[in-house]
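The next block holds one structure in the form of structure tokens; read it before the comments.
Counting from 1, the numbers follow the sequence of the chain as shown. Any value given below was found using the heavy atoms of this structure, including those in side chains, with hydrogens, waters and symmetry copies removed.
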Amino acid sequence: MSGWGFVHEKLDIKFLILYVMARVTEPVPFEDVLELSMCDDGFGYFDFSDCLAELVSTEHVLLKDGLYTITEKGERNSAICESSLAYPVRVRADKKLRDFNERLRRRNLVRASVSPRENGTFTVSLSFSDDVANLMSLEMMVPQKEQAEALCRRFEKSPAEVYGTLIANLLYEKK
């Protein structure tokens, strides 16, 4: 374990991982746990991966279908030990977590999928929600899979623009 950061010991790395895992809003893959936890220069990848594996083996963190989530045991220990983390480390972790959870929230509000039809065409299903309710659900038939996937990508990129354009076209008469 090397570096100039605040977190050097395995126990501190585990506290940091638990701190992060207690604050993510849904199960996440290894890469996301790594990215969120690497907010201090005192440890590296191998130290992190060893500690995460130990947290899984001690049932503080659950690994299921390639996704990690904190257990009740992990949440209890995280709450007890979070004050042991250096304040600058918590601040950096909190910033990463805020940004990450906002991306997750936004991703969960926008849905786009493609499904094949019996006649060889495809159905594109698009939906857009806010924190309260579904704003829009739309299904379209598209003749080619490439077109369907392109529609999904475009919608996921800027759903508010698509929604606004649709509303404007339906509400206002063109002259």
Side-chain angles (χ1 to χ4, degrees), residues 1-114 126-136 149-150 152-164:
M1 297 187 195
S2 61
W4 293 97
F6 295 95
V7 178
H8 297 283
E9 304 299 320
K10 283 185 106 173
L11 192 58
D12 293 331
I13 298 169
K14 290 177 185 179
F15 289 164
L16 176 58
I17 293 169
L18 289 174
Y19 182 85
V20 165
M21 292 302 300
R23 287 160 178 78
V24 291
T25 57
E26 63 185 54
V28 291
F30 177 88
E31 297 78 24
D32 290 340
V33 181
L34 173 65
E35 175 61 30
L36 292 167
S37 299
M38 297 303 283
C39 56
D40 187 73
D41 294 331
F43 65 100
Y45 173 85
F46 295 109
D47 298 324
F48 164 82
S49 53
D50 287 346
C51 289
L52 181 58
E54 288 178 21
L55 287 169
V56 170
S57 70
T58 58
E59 298 180 351
H60 287 85
V61 173
L62 175 67
L63 172 59
K64 183 177 179 184
D65 299 328
L67 300 175
Y68 292 86
T69 188
I70 194 164
T71 63
E72 286 183 35
K73 179 180 179 181
E75 286 180 356
R76 280 192 313 272
N77 288 338
S78 176
I80 293 167
C81 302
E82 70 182 39
S83 62
S84 300
L85 283 174
Y87 179 73
V89 174
R90 282 185 301 190
V91 168
R92 285 184 289 228
D94 287 341
K95 182 185 181 329
K96 283 186 168 193
L97 284 158
R98 249 188 331 275
D99 295 343
F100 181 79
N101 284 332
E102 177 58 27
R103 283 193 313 269
L104 287 179
R105 186 188 71 75
R106 185 178 180 336
R107 185 188 75 200
N108 290 331
L109 297 177
V110 177
R111 301 272 185 215
S113 64
V114 175
L126 309 172
S127 68
F128 179 45
S129 303
D130 63 9
D131 292 331
V132 177
N134 185 28
L135 298 173
M136 177 184 82
E149 290 169 346
C152 287
R153 283 191 305 274
R154 171 69 174 96
F155 182 73
E156 288 171 333
K157 189 174 180 181
S158 69
E161 183 181 329
V162 173
Y163 175 75

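Residues that satisfy the side chain to side chain contact (heavy atoms under 4.5 Å, CB included) test with Leu135, not counting sequence neighbours, are Phe128, Asp130, Tyr163. Every side chain to side chain contact (heavy atoms under 4.5 Å, CB included) that Arg111 has, sequence neighbours left out, goes to Asn108, Ser127.
Here the closest heavy-atom approach between residue Asn77 and residue His60 is recorded as ND2-NE2, 2.6 Å. In terms of heavy atoms, His8 sits closest to Ile13 at O-CD1, 4.3 Å. In terms of heavy atoms, Pro29 sits closest to Leu67 at N-CD2, 3.5 Å.
Under the 4.5 Å side-chain criterion, counting only non-hydrogen atoms from C-beta, Asp131 is in contact with Leu109. With contacts defined as side-chain heavy-atom distances shorter than 4.5 Å, the pair Phe100/Val28 qualifies. Between Phe15 and Val7, the closest side-chain pair of non-hydrogen atoms is not below 4.5 Å. At least one side-chain heavy atom of Cys39 sits under 4.5 Å from a side-chain heavy atom of Leu16. Within the 4.5 Å cutoff, the side chain of Arg92 has heavy atoms near those of the Asp40 side chain. Using a 4.5 Å heavy-atom cutoff, the side chains of Glu54 and Lys10 are in contact.
Using cut-offs of 30° and 60° for the angle between ring planes, the Phe30 and Tyr68 rings count as tilted.
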| query | Can you list the steps and then say if Asp94 with Arg90 is a salt bridge (charged side-chain N to carboxylate O under 4.0 Å, His left out)? | reply | CA-CA 6 Å; Asp94 287 341; Arg90 282 185 301 190; over 6 Å; no
| field | From CA spacing to verdict: side-chain contact (heavy atoms from CB on, under 4.5 Å), Val61, Leu18 | value | CA-CA 8 Å; Val61 173; Leu18 289 174; 4.0 Å; yes
| Hey, mind stepping through Glu161 and Arg154 against side-chain contact (heavy atoms from CB on, under 4.5 Å) and telling me if it holds? | CA-CA 10 Å; Glu161 183 181 329; Arg154 171 69 174 96; 2.9 Å; yes
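A side-chain donor-acceptor contact under 3.5 Å links Asn101 to the backbone of Thr25. In this structure a side-chain-to-backbone donor-acceptor pair under 3.5 Å is present from Lys96 to Met38. In terms of modelled atom types and a separation under 3.5 Å, the side chain of Ser78 and the main chain of Glu75 share no donor-acceptor contact.
Between the CG atom of Leu62 and the CD1 atom of Ile70 there is a distance of 11.0 Å, given to the nearest 0.5 Å.
For Arg105 and Glu102, the salt-bridge test passes: some basic side-chain N is under 4.0 Å from an acidic carboxylate O. Under a 4.0 Å N-O distance rule, the pair Lys95/Asp99 qualifies as a salt bridge.
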